[in-house]
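The analysis underlying the following values was restricted to heavy atoms, covering all of them including side chains, and did not include hydrogens, waters or symmetry mates. Atoms within each ligand, like the ligands themselves, are counted from 1 in listed order.
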Amino acid sequence: MDVYGLIGNPVEHSLSPPMHEAGYEALDLDARYVTFEPAADAGAEAIAAADTLAVDGLNVTIPFKQDVFEAVEPAPLAERIGAVNTVDFSGETPRGYNTDAVGAVRALAHHDVKLEGTAVVVGAGGAGRAVAFGLADEGMAVRIANRTASKATTLAAEVDGATGHGLDDLDDLLADAEVLVNCTSVGMEEDATPVPESALHGDLSVLDAVYSPIETRLLRDADAAGATTVDGAWMLLYQGVEAFELWTGETAPVEAMNRALRARL
Ligand code: ATR
């Protein structure tokens, strides 16, 4: 039996176990997905222990993404992002990946969004970093807007062709943009949005990384403006799909995983 799992603290509310196990079931794979909750300072030890116990793969969440980055051999994209959310133990040494970037790209692609032109990424934290690199790698001109503008400017300096801004620039930036991704926590459990309603328009495709609630105020406003909307569960789904495919070498049963995920949202 193959063993996969998640390390985080806390992990009890994670949606990854049912999503991955639905995938194993659909493909008739002899595998399990379990959650582990090491002490907050024990990320590196947890990776060494998992390696010793021949665990096959781990997802990594808060607060371990940086510590685990130091404890594995990061793949090039994870190296640039500076954080790891997926570890593969099949090689000589544990290898670290960041599937958040690909998760956003595949979520948009699933909705036939063309990744051409200009993308505005709101937020410059962990999710913002990953998505900015992911969209720039697709060839998009990336504009990063953050409440703390200096963090956006610092991140933009690392991302090919990107520029950094404060949230006040959103009206101007979005007028010329094709894609908008919210990578802040604004809208989570509250009816708030980081983007002025007036800045949204019908030529935009809007992905909100927030998945609780599934329909955020940003997505409601975007829909009202005639934009294409992609909810955060798609990004969560596709970061899991990417990890599933890395680990198993199989094409993930996306529909089965999506159903299991949405049944719990
Ligand atoms: P994550 O890893 O999920 O990206 P994070 O690293 O804590 O989380 O980043 C949170 C992001 O949400 C940041 O871009 C933060 O902006 P600041 O850098 O200015 O802190 C943004 N954010 C959080 N609360 C916000 C709010 N009320 N308004 C605007 N942006 C907010």
Side-chain angles (χ1 to χ4, degrees), residues 6-11 13-16 40 43 59-69 74 77-78 80-86 96-105 107 119-136 142-159 162-171 173-174 180-200 206-214 216-219 221-222 230-240 243:
L6 168 69
I7 63 167
N9 193 339
V11 286
H13 298 302
S14 172
L15 299 165
S16 292
N59 283 134
V60 181
T61 188
I62 292 167
F64 299 117
K65 288 187 185 187
Q66 263 81 34
D67 281 2
V68 168
F69 176 79
L77 179 59
R80 283 189 291 151
I81 296 170
V84 154
N85 76 335
T86 302
Y97 297 86
N98 190 309
T99 68
D100 287 334
V102 185
V105 166
V120 175
V121 175
V122 186
R129 276 186 75 81
V131 172
F133 279 105
L135 293 176
V142 174
R143 310 280 169 252
I144 304 160
N146 196 48
R147 175 176 60 182
T148 312
S150 59
K151 276 170 67 179
T153 311
T154 304
L155 170 56
E158 296 179 55
V159 178
T163 54
H165 308 263
L167 296 180
D168 287 349
D169 289 354
L170 277 173
D171 264 305
L173 292 172
L174 286 170
L180 164 66
V181 185
N182 173 39
C183 295
T184 74
S185 49
V186 180
M188 203 183 292
E189 317 294 354
E190 51 169 3
D191 197 43
T193 171
V195 180
E197 202 178 344
S198 58
L200 300 168
V206 181
L207 166 63
D208 198 336
V210 172
Y211 58 83
S212 179
I214 194 85
T216 57
R217 176 153 166 212
L218 170 62
L219 292 183
D221 290 349
V230 182
D231 68 52
W234 290 107
M235 184 166 157
L236 184 62
L237 172 69
Y238 274 106
Q239 62 78 30

Under 4.0 Å from one or more heavy atoms of G123, ligand 1 contributes atoms 14 (O)

So for T148 against ligand 1, with non-hydrogen atoms under 4.0 Å, the contacting part is both

If you scan protein heavy atoms around atom 9 (O) of ligand 1, the nearest is G125 CA, 3.5 Å

Which of D208, L170, V186 passes side chain to side chain contact (heavy atoms under 4.5 Å, CB included) with P194? It is V186

Taking the side chain as C-beta and beyond, is there a heavy-atom pair between Y97 and L77 under 4.5 Å? no

Tested for side chain to side chain donor-acceptor pair (under 3.5 Å) against N85, the lone hit among N59, D100, T61 is D100

Output for pair (L207 CG, N182 CG), nearest 0.5 Å, gives 8.5 Å

- Item | Heavy-atom protein contact below 4.0 Å for atom 21 (C) of ligand 1 | yes

Point to revise | S185 to ligand 1, any heavy atom closer than 4.0 Å | key: yes

Query raised in the report: Got a sec: does the CZ of F69 have more than 12 other heavy atoms crowding it under 6.0 Å?
Result: yes

Out of K151, R147, R129, the nearest non-hydrogen contact to atom 27 (N) of ligand 1 is supplied by R147

For A124, the ligand 1 atoms with a heavy-atom partner under 4.0 Å come out as 14 (O)

- Task: Examine A127 against ligand 1 and note whether any of their N/O atoms are separated by less than 3.5 Å.
- Result: yes

When distances are taken from atom 15 (C) of ligand 1, the protein heavy atom at minimum range is N146 OD1, 4.0 Å

For Y238, the ring-ring contact (aromatic ring centres under 6.0 Å, His included) test, sequence neighbours excluded, returns H110

Can you tell if the side chain of V105 reaches within under 4.5 Å of the side chain of L135, non-hydrogen atoms only? yes

Q.
Using a 3.5 Å cut-off on N or O atoms only, is G126 in polar contact with ligand 1?
A. yes

Note: heavy atom closest to atom 29 (C) of ligand 1, options V186, T184, V210, belongs to V186

I214 CD1: over 12 foreign heavy atoms closer than 6.0 Å: yes

